[in-house]
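Just so it is clear, the values below take in all heavy atoms, side chains as well, and ignore hydrogens, waters and symmetry mates. Lettering follows sequence order; numbering is per chain, from 1.
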There are 2 protein chains.
Amino acid sequence: MTMSNTGGRRRPPTIHDVAREAGVSRGTVSRVLNGGHYVSPAAQEAVNAAIRRTGYVVNRHARSLITGRSDSVGFLLTEPQERFFEDPNFNVLLRGCTQALAAHDIPLLLMLAGTEDERRRITRYITAGHVDGVLLVSSHFGDPVAEELREAGVPLVACGKPIGLGSKVSYVAADDRDGARDMVRHLLSLGRRRVGVVTGPLDTPGGVERLAGYKEVLAEAGIEIDEQLVVSGDYSRASGEAGAERLLAQAPDLDAVFVASDLMAQGVLTALEHAGRRVPQDVAVGGFDDSPAAVAARPELTTIRQPWDRISAEMVRVLLAQIGGEDPAAVILPTELVRREST
Amino acid sequence: MTMSNTGGRRRPPTIHDVAREAGVSRGTVSRVLNGGHYVSPAAQEAVNAAIRRTGYVVNRHARSLITGRSDSVGFLLTEPQERFFEDPNFNVLLRGCTQALAAHDIPLLLMLAGTEDERRRITRYITAGHVDGVLLVSSHFGDPVAEELREAGVPLVACGKPIGLGSKVSYVAADDRDGARDMVRHLLSLGRRRVGVVTGPLDTPGGVERLAGYKEVLAEAGIEIDEQLVVSGDYSRASGEAGAERLLAQAPDLDAVFVASDLMAQGVLTALEHAGRRVPQDVAVGGFDDSPAAVAARPELTTIRQPWDRISAEMVRVLLAQIGGEDPAAVILPTELVRREST
DNA sequence: TTTGATTCTGTGAACGCTCCCAGAGACTGG
DNA sequence: CCAGTCTCTGGGAGCGTTCACAGAATCAAA
């Protein structure tokens, strides 16, 4: 049982208290706190004991004031807010990043920049140096916040390849194109030939790359691309439903759909159900993400798993490296086909 | 276009720079920054202009060092992690709190205390004063973190009535009991008489209160409580499915189920489908939460809407008040029945 | 022993801000 | 016209750290 704040809120112990308790100077305590170089074993031990006895915790504000670092990072979301809490992937990512940072004792600041006002406020906050770096979740073309941060020289790691920015910005992404290829190959292997696609927004890498994978595989299989079989959504459930309705109208003979997100795939299932098509007998449906939505769907979705746990871990690793002075880096991680009931 | 950090990362302007630029003293600038009391209009204007010209942003570390406040609050999750990203309610809550805090220019630190190690680390962090207060999302009985924080005198607002803690802790909650009453009355109004219930964990207020509402209404309607019609889940989808299977086995004649969460209700729908029962014709199903899961379900769920936007706003309001020195407070907010396809 | 490096320790300066106090000036009321 | 009160301003002190530097101790090599 360590001594603690019994009763009225007392002033917490400072580095002075520890130094006095250990019979050494502030400097020595500080050295112990920061790696223990140039400290004798005896002093080391005395200081550690004193820290335990006093219940000392470093005051990060004082430290930050002089080091200029804040020892915290921001998790910045510049998407419109609805997307955030509708898309299960964000949660997994957020959780993964929080945990990976916690291992380094670095708190995560959640930042939502939905409106123009918020954008300005947050940009100010970040460029003022209140976080050491930013994990960016936004892949839309020409994001003004991302651009500003990059210009200000703030360490930055994006989730997914940021289209608009120069090549000088780090990112971690799943191999979208390869995942799409796997899925379309899978659909073809089931004997389907009229394979439709509901893409993501074409100003996002996920939108572009997954469509590219789709086209590549069809081309390789000697199937001509029918533009009637290609529609775009915005990753939302509703847009998936609308997209499928358009597909059914333009190409009633379709026998499979590759959907660029599980959430949109849910919408596709709804539309198919309304149209009286059975899944997978009449139309096979393939999703993307392997989010909780995939298991929630009826029938459960065959989908492409994005390795979110690894993505978040890599984002944190790359960001910390960059904060430590390393150069930006891009990391591409492999995906995996998960077969369920919808194909 | 304000002046900014063009080119190499320059030292950001300090309050001294602003003072010099405005031709006043640090003290005056500081007063302007903190509400502008006892400052002449002329000085006020000069300082504001200087701030704009220099692009000055207050250094929060320096401020915190002297005020002892950190001007940040923690959003603490002590549930096992899976629940976090499976339950859509958390997202809405997290988003609402972040935005409500942003309006006060207060950053939110996301904290996950899943393991024992994390719990200890986070408790230290918080009690060391690195956040001014904590928004707590955990309603399980006897949460050790919550108890420690309460003892340490950290301002605290829980989401949902915390069962284990004394009455001295603030909380904001939807009126669980009343919501449950509405739903069960609704089911009875449809002519159903064999109404089952899948409760939440009985060490959570949501579990206890919603069951209580169910029992009250049945009693008022003169219907005897049949314990065969009562099973418990843990708010997860899987537990809903298992619960419904048990209900079907114990009381095959049931014609309605009140489920204490939408996610569990999804599981119930799955089980009913497997058992060949039609919803709502054979069995009416009522959920709770009005989460995205309610609209995702097939058929779409009739449910009880929890006013999450108001809950998060109230949590922030009460927490800030408490940080400002006010006494703890409890806030109960009304719910609303949302009728969809499942009843 | 002397020299020079190497390891270890203590101490004054910052870091950028708010708090406090003293004092100047502008009013009021007697 | 002076005392009393209010508004407004400037500047010293200090918050709890790290950093730079100087000095002490230790040891090996000359």
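Within the 4.5 Å cutoff, side-chain heavy atoms of Val137(A) are placed close to those of Phe90(A).
Within the structure, a side-chain polar atom (N or O) of Ser25(B) is placed less than 4.0 Å from OP1 or OP2 of dG10(D). Not one side-chain nitrogen or oxygen of Thr67(A) sits closer than 4.0 Å to the OP1 or OP2 atom of dT17(D). Applying the 4.0 Å criterion to OP1 and OP2 of dT17(D), one finds that Ser64(A) has every side-chain N and O outside that range. Between Ser40(A) and dT7(C) there is no side-chain N or O to OP1 or OP2 distance below 4.0 Å. Contact annotation: Ser30(A) side-chain N/O to dT17(D) OP1/OP2 distance is not under 4.0 Å.
Looking at Asp309(A) and Arg95(A), no side-chain N of the basic residue comes within less than 4.0 Å of a carboxylate O on the acidic one, giving no salt bridge. A salt bridge between Arg124(A) and Asp105(B) is absent, with no side-chain N of the basic residue lying under 4.0 Å from a carboxylate O of the acidic one. Taking a cutoff of 4.0 Å between a charged side-chain nitrogen and a carboxylate oxygen, Arg317(B) and Glu314(B) qualify as a salt bridge. Between Arg150(A) and Glu147(A), at least one side-chain nitrogen of the basic residue sits less than 4.0 Å from a carboxylate oxygen of the acidic one, meeting the salt-bridge criterion.
Arg69(B) has its CZ atom 17 Å from the P atom of dC15(D), to the nearest Å. Going from atom CG of Asp71(B) over to atom P of dT18(C) covers 10 Å, rounded to whole Å. Put simply, CG on Asn59(A) is 16 Å from P on dG16(C), counting in whole angstrom units. Rounded to an integer number of Å, the gap from CZ of Arg63(B) to C1' of dG16(D) is 18 Å. The separation between Asn34(B) atom CG and dC19(C) atom C1' is 11 Å, rounded to whole Å. Between Ile66(A) atom CD1 and dA14(C) atom P the separation is 10 Å, expressed in whole Å. The nearest whole Å value for the distance from the NE2 atom in His37(A) to the P atom in dT18(D) is 14 Å. Atoms CD (Glu45(A)) and C1' (dC8(C)) sit 17 Å apart, rounded to a whole Å.
Side chain of Arg31(B), nearest nucleotide from dT18(D), dG10(D), dG16(C): dG10(D). Comparing dT7(C), dC8(D), dG10(D) against the side chain of Tyr38(A) picks out dT7(C) as the nearest. Closest to the Leu65(A) side chain, of the nucleotides dC8(D), dG16(C), dC19(D), is dG16(C). Candidate nucleotides dT18(C), dG10(C), dT9(D) were compared by shortest atom distance to the side chain of Val39(B), and dT9(D) ranks first.
Between Ser312(B) and Gly96(B) the shortest heavy-atom distance is OG-CA, 3.4 Å.
Remark: the Arg11(A) side chain and the dG16(D) base include no donor-acceptor N/O pair separated by less than 3.5 Å. Residue-to-nucleotide contacts include a donor-acceptor pair under 3.5 Å from the side chain of Arg26(B) to the base of dG12(D). Applying the 3.5 Å distance criterion, the base of dG16(C) shares no donor-acceptor pair with the side chain of Arg60(B).
Counting non-hydrogen atoms under 4.0 angstrom, His61(A) reaches nothing in the nucleic acid.
Residue-to-nucleotide proximity on DNA chain C shows that, of Pro13(B) and Gln44(A), the 5′-proximal contact is made by Gln44(A).
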